[in-house]
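Have a look at the structure below before the remarks.
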Amino acid sequence: MHIIFLGPPGAGKGTQAEIISKKYNIKKISTGDILRSEMENGTELGKIAKQYMEKGELVPDEIMIKIIENHIKNLNSFILDGFPRTLNQALELEKITKIDKVIYINVPDEEIKNRLLKRGRLDDKPEVIENRIKVYREQTQVLIDYYKKKGILYEIDGMGSIEEISKRIESVLINPT
Ligand code: B4P
C-alpha cells in the first residue's frame with residue numbers, strides 16, 4: 001500500500017508513521033528525518049536544508065522531489081511522512097507512483113504550539129513555529145482538498161493519546177475502501 005501522512009507541523013505524523021511502519025512492516029520515508037540526518041552529517045544538501053529549516057520555510061520542491069524519487073523506487077509499500085507539502089510536490093509524485101490513502105491528522109493550532117514548545121527541537125522556537133504554521137496554511141493545506149476530491153483522504157482526529165490515534169489510523173488502513 002502507498003500511504004501519505006499529512007497534517008500541520010507537530011500533528012504527530014512522524015510519531016504515528018513510526019508506529020504504523022513497525023507494526024505492519026511498511027517502509028517509512030520521513031523527509032524531515034532525511035533532511036536532519038543530512039544536516040548532522042554536514043553534507044551539501046544538509047547545508048542547503050538548514051537555511052530553510054531553521055526559519056521554518058520549506059526546502060525547495062526540486063530538491064525534495066529528487067529525494068523522494070530515490071527513496072521510493074523499488075518499494076512495493078511505503079508511508080510518506082511529511083511529503084508532499086506543496087501542490088507541485090503532489091503533482092510530481094503522481095508522475096512517479098500511485099497513492100492509495102492519505103491520512104490527514106488534524107490538530108488545532110494551540111495544541112501544535114504546546115507540543116512543539118515542549119519538544120524543543122532546533123526549529124521549535126516560538127517565532128519559527130509561527131512561521132511553520134503560516135507556511136503550512138499557505139502551501140500545504142491545499143492538499144487536503146486536493147486529495148479529498150480524489151476520494152482518498154481520511155481525516156483522523158489528532159487529539160488524544162498516541163495509542164488512541166494509532167488505533168484510529170489502523171482502522172482506516174485495514175478497511176478495504
Ligand atoms: P517534519 O520533520 O516533517 O516535522 P513536523 O511536521 O514538525 O512534525 P510531525 O507532524 O512529524 O510531528 P511529530 O510526530 O514529530 O518537518 C520539519 C521541517 O523539515 C519542515 O518545517 C521543513 O522545513 C522541512 N521539510 C520536511 N519535509 C519537507 C518537504 N516535503 N518539503 C519541504 N520541506 C520539508 O510530533 C511533534 C511532537 O508532538 C513530538 O514531541 C511528539 O512526541 C508529540 N506528540 C505526538 N503525538 C502526540 C499526542 N497524541 N499527544 C501529545 N503529544 C504528541
Side-chain angles (χ1 to χ4, degrees), residues 3-22 28-40 45-72 78-94 96 99 102-144 146-147 156-170:
I3 307 160
I4 289 172
F5 277 24
L6 181 69
K13 301 180 292 291
T15 306
Q16 295 298 335
E18 178 74 17
I19 293 170
I20 301 294
S21 157
K22 283 206 174 117
K28 172 197 80 147
I29 298 149
S30 161
T31 42
D33 287 350
I34 293 169
L35 295 171
R36 279 184 290 275
S37 147
E38 297 283 340
M39 269 162 54
E40 273 161 33
L45 168 58
K47 284 178 198 156
I48 297 170
K50 188 168 187 282
Q51 297 167 18
Y52 294 92
M53 289 170 81
E54 65 189 8
K55 289 188 234 140
E57 300 288 337
L58 295 180
V59 175
D61 285 348
E62 51 287 10
I63 296 178
M64 300 313 301
I65 291 155
K66 271 200 201 114
I67 292 177
I68 284 298
E69 232 170 339
N70 283 332
H71 278 79
I72 64 174
F78 56 76
I79 296 172
L80 293 181
D81 157 26
F83 186 96
R85 264 178 154 94
T86 65
L87 187 57
N88 185 31
Q89 290 182 10
L91 295 173
E92 290 298 320
L93 179 64
E94 242 168 53
I96 48 179
I99 297 301
V102 178
I103 305 294
Y104 162 45
I105 307 178
N106 193 2
V107 173
D109 281 6
E110 276 317 302
E111 172 72 7
I112 289 170
K113 289 179 199 163
N114 291 337
R115 287 185 191 179
L116 295 181
L117 285 173
K118 222 156 94 186
R119 177 172 67 184
R121 206 169 65 191
L122 190 75
D123 55 345
D124 291 337
K125 300 185 190 89
E127 65 281 11
V128 181
I129 294 172
E130 286 297 338
N131 195 40
R132 284 162 66 195
I133 295 173
K134 180 170 167 273
V135 166
Y136 170 76
R137 287 219 190 86
E138 289 171 357
Q139 301 191 51
T140 311
Q141 222 167 18
V142 289
L143 296 178
I144 298 168
Y146 180 75
Y147 287 119
I156 300 286
D157 177 4
M159 293 294 284
S161 74
I162 289 173
E163 295 74 24
E164 281 166 349
I165 296 158
S166 304
K167 287 210 182 84
R168 289 175 201 152
I169 295 173
E170 281 178 59

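Read the numbers this way: they start at 1 and go in the same order the structure lists the ligands and their atoms.
Contact annotation: G56 has no heavy atom less than 4.0 Å from any atom of ligand 1.
Only the side chain of R121 comes within 4.0 Å of ligand 1, judged by heavy-atom distances. If you look at K118 next to ligand 1, there are no close heavy atoms at all, none under 4.0 Å. When heavy-atom distances to ligand 1 are checked against a 4.0 Å cut-off, T86 has no atom that comes that close, whether in backbone or side chain. Contacts of R36 with ligand 1, taken as heavy-atom pairs under 4.0 Å, involve the side chain alone.
Of the polar atoms of L58, none of the N or O atoms is found under 3.5 Å from an N or O of ligand 1, judged by distance alone.
Taking atom 1 (P) of ligand 1 as the reference point, the nearest protein heavy-atom neighbour is R85 NH2, 3.7 Å. Ranking protein heavy atoms by distance to atom 18 (C) of ligand 1, first place goes to M53 CE, 3.8 Å. When only non-hydrogen protein atoms are considered, atom 10 (O) of ligand 1 lies nearest to K13 NZ, 2.8 Å. In terms of protein heavy-atom proximity, atom 25 (N) of ligand 1 is closest to L35 CD1, 3.7 Å. Closest to atom 23 (O) of ligand 1 among all protein heavy atoms lies E57 O, 2.7 Å. If you check which protein heavy atom lies closest to atom 36 (C) of ligand 1, you get R119 NH1, 3.5 Å. Summary of contacts: the protein heavy atom closest to atom 42 (O) of ligand 1 is T15 OG1, 4.3 Å. In terms of protein heavy atoms, atom 44 (N) of ligand 1 is closest to R115 CD, 3.9 Å.
When the options N114, L80, I129, V59 are ranked by their closest heavy atom to atom 32 (C) of ligand 1, first place goes to V59.
The ring pair (Phe, Tyr, Trp, His ring centres under 6.0 Å) search around F78 returns H2, not counting sequence neighbours.
A donor-acceptor pair under 3.5 Å is absent between the side-chain atoms of S30 and the main chain of G14, judged by distance alone. Of the possible polar contacts, one joining the K13 side chain to the G7 backbone as a donor-acceptor pair under 3.5 Å is found. A distance-only check finds no donor-acceptor pair linking the side chain of K125 to the backbone of K55 [under 3.5 Å]. Checked by atom type and distance alone, the side chain of E111 never pairs as donor or acceptor with a backbone atom of P108 at under 3.5 Å.
Atoms of ligand 1 lying under 4.0 Å from any heavy atom of I165, numbered from 1 in the order shown and given with element: 49 (N). The G160 neighbourhood of ligand 1 comprises atoms 48 (C), 49 (N), 50 (N), with distances under 4.0 Å to a heavy atom of that residue. Atom numbering of ligand 1 starts at 1 in the shown order; those under 4.0 Å from a heavy atom of R132 are 5 (P), 7 (O), 21 (O). Heavy-atom proximity to A11, at under 4.0 Å, picks out these atoms of ligand 1: 10 (O). Heavy-atom proximity to G32, at under 4.0 Å, picks out these atoms of ligand 1: 2 (O), 26 (C). Listed by atom number, the atoms of ligand 1 under 4.0 Å from T31 heavy atoms are 26 (C), 27 (N), 28 (C), 30 (N). Per-residue contacts place Q89 under 4.0 angstrom from the following atoms of ligand 1 (heavy atoms of the residue considered): 29 (C), 30 (N), 31 (N), 32 (C). Taking a cut-off of under 4.0 Å to the non-hydrogen atoms of G14, the atoms of ligand 1 that pass are 9 (P), 11 (O), 14 (O).
In this structure, I112 and D109 have side chains that are in contact, with non-hydrogen atoms separated by less than 4.5 Å. Using a 4.5 Å cut-off on side-chain heavy atoms (C-beta onward), E18 and K28 make contact.
Nearest heavy-atom pair, I79 versus S21, reported as atom, atom and distance to 0.1 Å: CD1-N, 3.9 Å. I19 approaches S166 most closely through the heavy-atom pair CD1-OG, 3.6 Å. The shortest non-hydrogen separation linking R132 to G56 is CG-CA, 3.5 Å.
Note that the CG atom of D157 and the CD1 atom of I105 stand 10.5 Å from one another [nearest 0.5 Å]. Remark: L6 CG to I156 CD1 distance equals 12.0 Å, nearest 0.5 Å.
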What donor-acceptor contacts under 3.5 angstrom involve side-chain atoms of residues 64-72, with partners at least two apart or in another chain?
{"unit_1": "N70", "atom_1": "ND2", "unit_2": "K66", "atom_2": "O", "d": "3.4"}
{"unit_1": "H71", "atom_1": "ND1", "unit_2": "I67", "atom_2": "O", "d": "3.0"}

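The number of heavy-atom neighbours closer than 6.0 Å to NZ of K113, taken from other residues, nucleotides and ligands shown, is above 12.
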